Every structure is written in structure tokens, then in C-alpha cells.
Amino acid sequence: MIFGGFESLLDEGASDGSAYVDGFVVPVPPGKKDAYRAMAEKACPIFREHGALRVVEGWGDDVPDGKVTDFRKAVKAVDGETVVFSWIEWPSKQARDEGWKKLMADERMKPEGDMPFDGQRMFWGGFAPIVDR
């Protein structure tokens, strides 16, 4: 099990029980918090426009080292990097699949300049909730 605490950088939208969730974990270098927040704030309304119900960005606040694995090991974080845990809630897997197609074709989603994180160490996945109360 991997666990940790995260400060909310962004929490937009609301859901009353998502049918599908995308989760992301990424290491962010020192001094890049504001750049990461700006990138997330730019992308969030575009996600919502393409069907996302809610977008949450969590900045690592209490991310302990584990004995076997943990968030930091999972992204190969180096000294000074902070782990960000994010998720996007969708009304269904079909809405998510259609939304991502639109997002990837949306010119506004193209990066401007350097990304504030190393995308090669980012990981993500799609999840069907089994409990949502």
C-alpha cells in the first residue's frame, strides 16, 4: 500500500459519484510549484469543457518513505522534488475516452515552453470506482 497527504493546489468542479476516474502521479522539481499550478489552472477548464466533472491537483505535504515502495520511489523522485497526486473525475469511461480524444486534438493543450515536471517519470491510470460515498 502507498499512502500520503497532499495539499490542494486546485480543486474545480463537483461530482455526485463519478463513474470513472483518471489518476496521475508526477515529481515536480524544487521551485516549480507556481509553474505547475499555472499549467494546471490553464488545463483545468479545458478538461471541464471536454466532459470532466472535477479536476483535483494535490501537492505532496505528508508523503512518507515506505519500506518497499512509496510515492517518491514510484516516480524516482530526487532530493528536493515534491510528488503531485492528481485525479480527474468523469461521468463514464465512454465520456473519458471521448474527452481525451478531444483534449489531445485541442491546440490549447500544447505545452508552452518547458514543462514544470519530468513527464518520463509520471505515471497514470484509469479506474472504475467500486466505493464512492
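All values reported here derive from a predicted model rather than from experimental measurement. Counting from 1, the numbers follow the sequence of the chain as shown. Any value given below was found using the heavy atoms of this structure, including those in side chains, with hydrogens, waters and symmetry copies removed.
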- request: Verify the cluster assignment for Val26 and Leu103: are they in a single hydrophobic cluster under the rule of side-chain heavy atoms below 4.5 Å apart?
  value: yes
task: State, yes or no, whether a side-chain contact exists between Tyr36 and Phe117 at a heavy-atom distance under 4.5 Å.
output: yes
field: Note, Glu41 side chain near Leu10 side chain (heavy atom, < 4.5 Å)
entry: yes
message: Under the criterion side-chain contact (heavy atoms from CB on, under 4.5 Å), I'd like the reasoning laid out for Asp70 against Val63: C-alpha separation, chi angles, the key distance, then a yes or no.
response: CA-CA 8 Å; Asp70 57 47; Val63 182; 5.9 Å; no
statement: Shortest non-hydrogen pair, Pro29 vs Pro116, comes out as CD-O, 3.3 Å
Side-chain heavy-atom pair Arg37, Glu57 within 4.5 angstrom cut-off: no
- prompt: Phe85 vs Phe6 aromatic rings, parallel, tilted or perpendicular, using cut-offs 30° and 60°?
  reply: tilted
message: Show, in sequence, the C-alpha distance, side-chain angles and deciding distance for Lys102 and Asp106, and conclude whether the salt bridge (Lys or Arg N to Asp or Glu O under 4.0 Å) test is met.
response: CA-CA 6 Å; Lys102 293 174 186 173; Asp106 194 314; over 6 Å; no
- prompt: Can you hop from Met122 to Val28 via hydrophobic side chains spaced under 4.5 Å?
  reply: yes
query: Does a sphere of radius 6.0 Å around CZ in Phe123 hold more than 12 heavy atoms from other residues, nucleotides or ligands, not counting ones at 6.0 Å or beyond?
result: yes
- prompt: So if you build clusters from Ile, Leu, Val, Met, Phe, Trp, Tyr with side-chain heavy-atom gaps below 4.5 Å, do Trp59 and Val55 land together?
  reply: yes
- prompt: Are Val83 and Met115 connected in a single hydrophobic cluster, I mean Ile/Leu/Val/Met/Phe/Trp/Tyr linked by side-chain heavy atoms less than 4.5 Å apart?
  reply: no
message: When you group the ILVMFWY residues by side-chain heavy-atom contacts below 4.5 Å and let the links chain together, are Ile46 and Leu9 in the same group?
response: yes
field: Identified side chain to side chain contact (heavy atoms under 4.5 Å, CB included) counterpart of Asp22 within the set Phe127, Trp124, Trp90
entry: Trp90
message: Are the side chains of Thr82 and Lys33 in contact, using a 4.5 Å heavy-atom criterion?
response: no
message: Quick check: do Arg54 and Glu12 have side-chain heavy atoms less than 4.5 Å from each other?
response: no
NZ/NE/NH1/NH2 to OD/OE distance under 4.0 Å, Lys76 and Glu81: no
task: Find the distance between CG (Asp61) and OG (Ser8) and round it off to the nearest 0.5 Å.
output: 11.5 Å
task: Determine yes or no for a side-chain-to-main-chain donor-acceptor pair under 3.5 angstrom, with Lys42 supplying the side chain and Arg108 the backbone.
output: yes
query: For the residue pair Phe47 and Trp100, does the interplanar ring angle fall in the parallel (under 30°), tilted (30 to 60°) or perpendicular (over 60°) class?
result: perpendicular
message: With a 3.5 Å distance limit and no angle check, can you tell me whether Arg72 reaches the backbone of Val78 through a side-chain donor-acceptor pair?
response: yes
- prompt: What heavy-atom pair brings Ser86 and Gly58 nearest, and what distance separates the two atoms?
  reply: OG-N, 4.4 Å
- line: Between Ala19 and Pro91, the two heavy atoms sitting closest are CB-O, 2.8 Å
field: Close side-chain approach of Asp62 and Pro64, heavy atoms under 4.5 Å
entry: yes
task: Kindly indicate whether the side chain of Arg96, heavy atoms from C-beta on, has any atom under 4.5 Å from the side chain of Val21.
output: no
- request: Give a yes or no on whether Glu49 atom CD has more than 12 heavy-atom contacts from other residues, nucleotides or ligands under 6.0 Å away.
  value: yes
Ion pair Glu98/Lys101, N-O distance below 4.0 Å: no
